[in-house]
Protein chains: 2
Amino acid sequence: MLGNSPDFPARLRAAGLRPTKQRVALARVLFEAGHRHVTAESLHAEVKATRMPVSLATVYNALNQFRDAGLLREVVVAPGRSYFDTNTGHHHHFYVEPDGELHDFPSEKVTIAGLPTPPKGTRLARVDVIVRVRR
Amino acid sequence: MLGNSPDFPARLRAAGLRPTKQRVALARVLFEAGHRHVTAESLHAEVKATRMPVSLATVYNALNQFRDAGLLREVVVAPGRSYFDTNTGHHHHFYVEPDGELHDFPSEKVTIAGLPTPPKGTRLARVDVIVRVRR
DNA sequence: AAGCAGATTAGAACTGTTCTAAAAGCTGCA
DNA sequence: TGCAGCTTTTAGAACAGTTCTAATCTGCTT
């Protein structure tokens, strides 16, 4: 994937964010490998395991900033827990109900027809499709 | 709509729930008028306004029980807040982003094609479509 | 009417997230 | 390179929404 250069400081700067040690460490964990789904807690645990000390508050700050900058997408599947998805492209989700696992699936083959027009005075922001499955 | 009889005690019993004063009062507020979207807080405020004292804990208990009994459906649209929908039929939602308004739309005309098969060892539970719009 | 399982309650506890104020760090400019 | 100034980080407090606890009460069966 080109355009996904591993120069994290540059990518952060391009997003209007100062490349601090913590943000670079978080970006590395998030974007170095393939697409990821994380929660604040899981990301905090991961980045601490790399021996870079980062507080939980910073993880929350960074996740919100990365999302606002378009680097991440927030996925709401269950009450009281936010997931962040490093895949910001057009796609949908499987959610495995009891265990909280989340999987992407590409939207290329999915077509949704017959959606009504948005209520007056609003414009469409996004269509989320969540396929809930159980074991 | 037949089968939507206003005999709330009977409906609760049919769902396997004792028709206590509080549950009947909550059912009345929820099911007497047309379809509703409520949160625990909003329902609590409404039922208290009917001069029937009900604690917030009971509202939470009842909402969870009603949902488990199939009387309500839980809709997850935003992190940290659960909406409950008295419309348990097949339909989808508009979510107006900044203000948290939720509107039903019927799924009759909506067709979704090309969904992948569920991951191995899982069965489909439900497909949620949330159309997010902004002012 | 009595007994009992189930329901309600107030308040404490818990979970996930945001806020606060102080310390530290990045950046631009001399 | 050194410094000023603004941004970021941090630990911990605060907060919001939800669940739990243990005592009390209520609807149901007998």
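Just so we're on the same page: letters track the sequence lines, and every chain starts at 1.
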TODO: Answer whether the closest heavy-atom distance between the side chains of Glu97(A) and Tyr95(A) falls below 4.5 Å.
DONE: yes
Task: Atom-to-atom span, CG of Leu12(B) to C1' of dC28(D) - whole angstrom - done: 15 Å
Task: Nucleotide dG17(D), atom P - distance to CZ of Phe84(B) in whole Å - done: 14 Å
TODO: Please state how far atom CD in Gln65(B) lies from atom P in dT8(C), giving the value in whole angstrom units.
DONE: 7 Å
Open item on the list: Strictly under 4.0 angstrom, non-hydrogen atoms only: write out the protein contact profile of nucleotides 24-30 of chain C, one letter per nucleotide from the 5' end, B, S or -.
Closed with: -BBS---
Task: Set of side chain to side chain contact (heavy atoms under 4.5 Å, CB included) partners for Thr50(A), sequence neighbours left out - done: Val29(A), Val47(A), Met52(A)
Task: Any pair counted as salt bridge (charged side-chain N to carboxylate O under 4.0 Å, His left out), so long as it reaches residues 100-112 of chain B, sequence neighbours left out - done: Glu101(B)-Arg135(B)
- [ ] Please name all residues satisfying side chain to side chain donor-acceptor pair (under 3.5 Å) with Asp85(B), sequence neighbours left out, ordered by chain then number.
- [x] His37(B), His91(B), His93(B)
Open item on the list: Walk along nucleotides 16-21 of chain C from 5' to 3' and tag each nucleotide B, S or - by protein heavy-atom contact under 4.0 Å, base first, then sugar-phosphate.
Closed with: SBBB--
- [ ] Please assess Asp128(A) against Arg73(A) for the test salt bridge (charged side-chain N to carboxylate O under 4.0 Å, His left out), listing each intermediate value before the final yes or no.
- [x] CA-CA 11 Å; Asp128(A) 283 345; Arg73(A) 167 168 156 188; 3.5 Å; yes
Task: side-chain hydrogen bond (donor to acceptor under 3.5 Å, both in side chains) contacts in which one or both residues fall within residues 113-124 of chain A, not counting sequence neighbours - done: none
Task: Axis deviation across the helix from dA1(C)-dT30(D) to dA30(C)-dT1(D), five-pair ends, to the nearest 10° - done: 30°
- [ ] List for me each residue that meets salt bridge (Lys or Arg N to Asp or Glu O under 4.0 Å) alongside Arg67(A), sequence neighbours excluded, and say none if there are none.
- [x] Glu74(A)
Open item on the list: Short of 4.0 Å, heavy atom to strand atom, which residues of residues 46-55 of chain A count as contacting DNA chain C?
Closed with: none
- [ ] Using the test salt bridge (Lys or Arg N to Asp or Glu O under 4.0 Å), find all partners of Arg23(B) that sit at least two apart in sequence or belong to another chain.
- [x] none
Open item on the list: I need the CG-P distance between Leu63(B) and dA7(C), as an integer number of Å.
Closed with: 15 Å
Task: Atom of Ala27(B), atom of Phe8(B) and distance for their closest heavy-atom approach - done: O-CE2, 3.8 Å
Open item on the list: Could you check whether any side-chain N or O of Arg126(A) sits under 3.5 Å from a backbone N or O of Val133(B), counting only pairs where one atom can act as donor and the other as acceptor?
Closed with: no
Task: Heavy-atom closest pair, residues Thr88(B) and Gly70(B) - done: CG2-O, 3.4 Å
Open item on the list: Taking ring pair (Phe, Tyr, Trp, His ring centres under 6.0 Å) as the cut-off, I'd like each qualifying pair that reaches into residues 39-85 of chain B, sequence neighbours left out, listed once.
Closed with: none
TODO: Keeping to residues at least two apart or across chains, list the salt bridge (charged side-chain N to carboxylate O under 4.0 Å, His left out) pairs with something in residues 41-59 of chain B.
DONE: Arg36(B)-Glu46(B)
